[in-house]
2 protein chains.
Amino acid sequence: MPTLTAAQRRQQDKMAFDAYLAECPSRKLLDRISDKWVVLVITALADGPQRFSEISRHLAGVSQKMLTQTLRTLERDGLVARHVTPSVPVRVDYELTPLGRSILGPIRQLKAWAEAHMPEVAEAQETYDRRQEAR
Amino acid sequence: MPTLTAAQRRQQDKMAFDAYLAECPSRKLLDRISDKWVVLVITALADGPQRFSEISRHLAGVSQKMLTQTLRTLERDGLVARHVTPSVPVRVDYELTPLGRSILGPIRQLKAWAEAHMPEVAEAQETYDRRQEAR
DNA sequence: CCGAATCCTATGAGATACTG
DNA sequence: CAGTATCTCATAGGATTCGG
């Protein structure tokens with residue numbers, strides 16, 4: 001018999017995960033989504049379902065190994081759905097699940113931030129490096 | 001002599017960085033900020049300046065090597081400022097720069113997402129794994 | 001207390017070759 | 001086309017030791 005209401009349970013669940021704690025599963029999840037390829041794949045899939053080769057072309061320089069690996073992990077975590085059309089040759093499409101779309105906002109912002117603030121970061125680096133070599 | 005107006009230049013600069021391209025510096029920047037420790041350090045510093053040991057205690061399980069490394073990179077990229085008080089023993093404080101605070105939003109959301117959606121992800125994993133072992 | 005330096009191991013990640 | 005399987009090399013990251 002439950003001693004908590006459903007609302008209390010939900011509140012509890014919310015507080016139950018703290019990425020600051022090493023053993024907390026949310027720390028591992030954070031580690032998995034804090035990944036260059038994850039960010040790029042998710043933002044690429046924002047436009048709609050895409051085939052393996054389309055994604056591959058979209059993300060210049062990704063090896064098929066990393067792409068496969070990233071897509072598998074995302075599928076297992078429930079962020080991406082995989083649809084196989086058993087034709088010859090096979091056709092495989094990937095698309096964001098509702099859960100996957102729920103992370104789209106933060107991830108897009110991260111990518112946008114990196115692209116928008118490159119000049120400032122580059123300048124900061126030059127300043128830092130100049131200071132270092134002056135020792 | 002410039003063939004573009006300042007506004008056009010600004011627009012150009014904005015478009016000039018594309019993380020989808022392998023050689024683009026913004027791809028590397030994205031790679032650096034898409035990091036578990038970066039996310040945790042930045043969110044920890046959101047509360048205000050903190051000493052090395054304070055951050056260390058805040059992020060359970062971080063080795064001092066990773067913390068130092070992360071802080072150095074963030075300092076070089078201009079996201080974090082380092083203040084040394086030459087007492088004995090030395091006191092070192094870290095704080096977010098304005099540039100560092102500008103990324104706080106996206107990063108906080110990422111951490112919050114991981115903590116909030118752990119149950120759904122865990123369930124997705126179980127479903128996935130059950131499907132796999134049924135083969 | 002804050003960190004640099006070193007050593008060591010596990011994982012990351014590309015290149016290549018092969019299959020349904 | 002969409003993978004899987006290996007191989008190889010580089011990097012991540014922990015443990016430990018030492019220094020200002």
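None of the values given here were measured: they were computed from a predicted structure. Letters A, B, ... are given to chains in the order of the sequence lines, protein chains preceding strands, and every chain is numbered from 1.
- Rounded to whole Å, the distance from CD on B:Gln69 to P on D:dG13 is 8 Å.
- Within the 4.0 angstrom heavy-atom criterion, only backbone atoms of the sugar-phosphate kind lie near B:Arg51; the bases stay farther away.
- Comparing A:Asp35 and B:Val92, the nucleotide of DNA chain C nearest to each residue sits closer to the 5' end for B:Val92.
- The B:Phe52 side chain lies nearest to C:dC2 when the options are C:dC2, D:dC1, D:dG3.
- For A:Phe52, the ring-ring contact (aromatic ring centres under 6.0 Å, His included) criterion is met by no residue, not counting sequence neighbours.
- Between the CZ atom of B:Arg82 and the CG atom of B:Leu74 there is a distance of 13.0 Å, given to the nearest 0.5 Å.
- Distance, B:Asp31 CG to D:dA12 C1': 12 Å, rounded to whole Å.
- In this structure, the nucleotide among D:dG13, D:dG20, D:dC1 sitting nearest to the side chain of B:Val90 is D:dG20.
- The side chain of B:Arg72 sits closest to C:dA4 out of C:dA4, D:dG20, D:dG14.
- Listed for the A:Gln50 side chain is a donor-acceptor partner under 3.5 Å among the backbone atoms of A:Ala44.
- For A:Gln64 and D:dT4, a side-chain-to-base donor-acceptor distance below 3.5 Å is present, hydrogens and geometry of angles not being considered.
- Among residue pairs with one or both ends in residues 28-40 of chain A, those qualifying as salt bridge (charged side-chain N to carboxylate O under 4.0 Å, His left out) are A:Asp31-B:Lys36, A:Arg32-A:Asp77, A:Lys36-B:Asp31; sequence neighbours excluded.
- If you find the closest nucleotide of DNA chain C to B:Lys65 and to B:Glu54, the one lying nearer the 5' end belongs to B:Glu54.
- Where A:Thr68 and B:Trp37 meet DNA chain D, the nucleotide closest to each residue was compared, and A:Thr68 sits on the side nearer the 5' end.
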